[in-house]
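Computed from a predicted model, the values in this text were never measured in an experiment. Residue numbers start at 1 and run along the sequence shown. Both counts, for ligands and for their atoms, begin at 1 and track the order of listing.
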Amino acid sequence: MLPVIALIGRPNVGKSTLFNRLTRSRDALVADFPGLTRDRQYGTGKLGERPYLVVDTGGLVGDEQGLEGLMAQQVWRAVEEADAVLLLLDARDGVNLSDEQIAERLRRSGKRVRLVLNKVDGQDVDAVLADAFALGLGEPVAIAAAQGRGVRALIDRVLAELPPEQEAPEAGEDLEQGIRIAVVGRPNVGKSTLINRMLGEERVLAYDQPGTTRDSIHVPLERDGRHYTLIDTAGVRRRARVSETIEKFSVIKTLQAINEAQVSILVLDAHSGEVAEQDATLAGHIVESGTALVVAVNKWDGLDDEQRQWFREQLDRRLPFLEFAERHFISALHGSGVGHLFDAVEAAARAARTRVPTAELTRLLERAVHEHQPPLVRGRRIKLRYAHQGGQNPPVIVIHGNQTSRLPASYRRYLNNFFRRELKLVGTPIRLEFRTGENPYQGRRNRLTPRQQRQRKRMLRHVKK
Ligand SMILES: Nc1nc2c(ncn2[C@@H]2O[C@H](COP(=O)(O)OP(=O)(O)OP(=O)(O)O)[C@@H](O)[C@H]2O)c(=O)[nH]1
Ligand SMILES: [Mg+2]
């Protein structure tokens with residue numbers, strides 16, 4: 001599981017600014033998916049040695065209302081789910097009573113807390129550092145989040161203090177576990193019903209175990225001689241009880257599950273009549289994570305044609321960036337369409353593992369460029385020369401050329417769609433990475449002068465004899 005880092009502090013100390021810094025590396029990716037908005041509260045980051053999850057929170061005010069109110073409860077929940085808490089302080093304001101009260105409360109939480117003194121740019125911070133130190137939460141780390149100063153050192157330090165990550169699951173498929181499938185969706189879309197349906201009646205009772213707040217349950221499953229592991233974020237419950245329970249929804253838990261899975265099934269509720277904000281946010285997280293995806297539109301039973309048409313339009317309008325995934329219209333309650341989900345999961349997992357030879361990718365790139373040239377930038381044409389595969393799960397296509405950082409998002413999308421179509425990739429996002437520079441294969445061997453070439457020929461003649 002990824003370590004979870006929560007950002008806590010008074011209003012305006014720079015939590016969101018730091019959050020953006022810690023998650024920024026993903027910006028370029030998002031540009032390839034029109035309509036995808038980023039979650040500005042939960043994000044994945046990989047600034048340091050290993051990936052992590054970050055949670056931004058609303059500002060806390062140190063009085064009783066501010067520490068116990070409705071808003072604050074959200075913050076404490078984030079603390080509860082975190083492995084490390086960063087308490088931000090504002091070097092311009094100095095340490096005040098609010099900070100002291102928040103610090104006191106954090107100390108009682110028993111969590112690993114690290115003090116972060118922000119906005120140290122252009123400040124003489126010695127006095128504030130001493131005040132911060134006096135909060136009794138250890139040595140503060142000074143940063144300037146707006147400029148990015150000290151942020152890398154901070155995250156390195158925080159990650160180093162955390163216990164080493166448990167063995168990360170293999171990117172590929174494990175024979176015993178089979179494909180790992182995360183079943184995700186907002187509360188009450190029917191995740192538990194679907195999981196029960198996928199498992200079959202008799203299996204359900206055995207897995208009636210509550211998870212802790214942030215841990216998902218892994219349920220082994222065999223179907224047609226194939227193994228799968230369902231990662232359940234809702235908690236599988238006895239059938240009779242499914243409708244009665246109000247599940248405790250946790251974005252962190254969902255993100256962890258997506259991260260461990262090879263394929264996510266995003267469950268939507270057609271009965272609700274709309275694709276909600278939270279659906280779009282979860283969809284965005286899945287795309288950012290790069291796992292393969294199958295969309296399951298649940299509660300399709302009992303809708304008339306008009307309602308169905310309406311929901312299809314909602315999907316196109318609100319989740320246009322999911323067009324790479326298969327959509328299945330199902331009824332978890334009655335079981336219709338559920339069997340096809342397994343085929344879709346298999347297909348998506350296969351697509352995610354695709355391997356394409358360099359020669360073929362380069363040929364495709366040449367065709368794409370031929371059909372639609374990259375734009376001119378300041379009178380010079382952006383050149384894209386060749387492509388190779390940089391990874392699987394999801395497929396990464398590395399494109400070499402010059403001025404590639406100037407490629408507009410629209411052209412990246414064009415390339416993305418082109419490769420997807422030509423490689424017939426359904427169910428997996430693809431990642432494009434661009435490299436500017438010389439052909440690395442060209443520079444690898446020293447170029448020989450004519451004289452050296454003659455010498456070399458002579459030498460080789462000797463060797464042959
Ligand atoms: N000078 C300076 N300003 C900063 C720094 N970090 C953040 N700011 C500014 O401080 C203001 C508040 O930043 P936010 O990141 O929105 O603060 P926040 O803690 O998320 O605030 P709330 O969400 O309202 O609690 C913004 O105007 C930032 O530009 C910094 O390192 N130096
Ligand atoms: Mg904020």
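- Remark: ligand 1 and Ala146 share an N or O pair separated by less than 3.5 Å (distance only, no angle test).
- Shown here for Leu199 and Pro220, the closest heavy-atom pair between the two residues is CD2-O, 4.2 Å.
- Counting heavy atoms under 4.0 Å from ligand 1, residue Arg92 touches it through the side chain alone.
- For atom 25 (O) of ligand 1, the nearest non-hydrogen atom of the protein is Lys15 NZ, 2.7 Å.
- Nearest protein heavy-atom contact of atom 28 (C) of ligand 1 is Thr17 OG1, 3.9 Å.
- With a 4.0 Å cut-off on non-hydrogen atoms, Asn12 touches ligand 1 through its backbone as well as its side chain.
- Note on Asp83 versus Arg112: no salt bridge recorded, every NZ/NE/NH1/NH2 to OD/OE distance being 4.0 Å or above.
- Considering backbone and side-chain atoms alike, Val120 places every N or O at 3.5 Å or more from each N or O of ligand 1.
- The closest protein non-hydrogen atom to atom 17 (O) of ligand 1 is Gly14 N, 3.1 Å.
- Scanning the protein for heavy atoms near atom 1 (N) of ligand 1, the closest one is Asp121 OD2, 3.0 Å.
- For a threshold of 3.5 Å applied to N or O pairs, the pair formed by Gly58 and ligand 1 contains no separation below that value.
- Nearest protein heavy-atom neighbour of atom 31 (O) of ligand 1: Ala145 N, 2.9 Å.
- Protein heavy atom nearest atom 6 (N) of ligand 1, with residue, atom name and distance: Asn118 ND2, 3.1 Å.
- Between His372 and Phe418, the ring center distance fails the sub-6.0 Å criterion.
- Every atom of ligand 1 is numbered from 1 in the order shown, and the set under 4.0 Å from a heavy atom of Ala144 is 31 (O).
- Scanning all protein heavy atoms for the shortest distance to atom 23 (O) of ligand 1 gives Ser16 OG, 4.0 Å.
- When only modelled atom types and interatomic distance are considered, Arg406 and Gln403 share a side-chain donor-acceptor pair under 3.5 Å.
- For Gly9, the heavy-atom gap to ligand 1 stays at 4.0 angstrom or more.
- For atom 8 (N) of ligand 1, the closest non-hydrogen atom on the protein side is Lys119 CE, 3.7 Å.
- Using a cut-off of 2.8 Å, one finds that Ser16 contributes an N/O/S atom close to the Mg ion (ligand 2).
- Ion pairing of Asp156 with Arg50 is absent here, as no side-chain N (NZ or NE/NH1/NH2) approaches a carboxylate O to less than 4.0 Å.
- Near Gly59, with a cut-off below 4.0 Å to any heavy atom, the atoms of ligand 1 are 25 (O).
- Between Leu7 and Val85 there is no side-chain heavy-atom pair separated by less than 4.5 Å.
- Salt-bridge formation is not detected for the pair Glu306/Arg308: no Lys NZ or Arg NE/NH1/NH2 atom is positioned less than 4.0 Å from an Asp or Glu carboxylate oxygen.
- A donor and an acceptor atom, one from each side chain of Ser331 and Arg197, are nowhere located under 3.5 Å apart.
- Relative to the six-membered ring of Phe329, Arg312 meets both conditions, a distance below 6.0 Å and an angle of at most 45° to the axis.
- We find that Asp269 and Lys191 are not joined by a salt bridge, their nearest charged nitrogen and carboxylate oxygen being 4.0 Å or further apart.
- In this structure, Glu313 does not pair ionically with Arg318, as no charged nitrogen and carboxylate oxygen lie closer than 4.0 Å.
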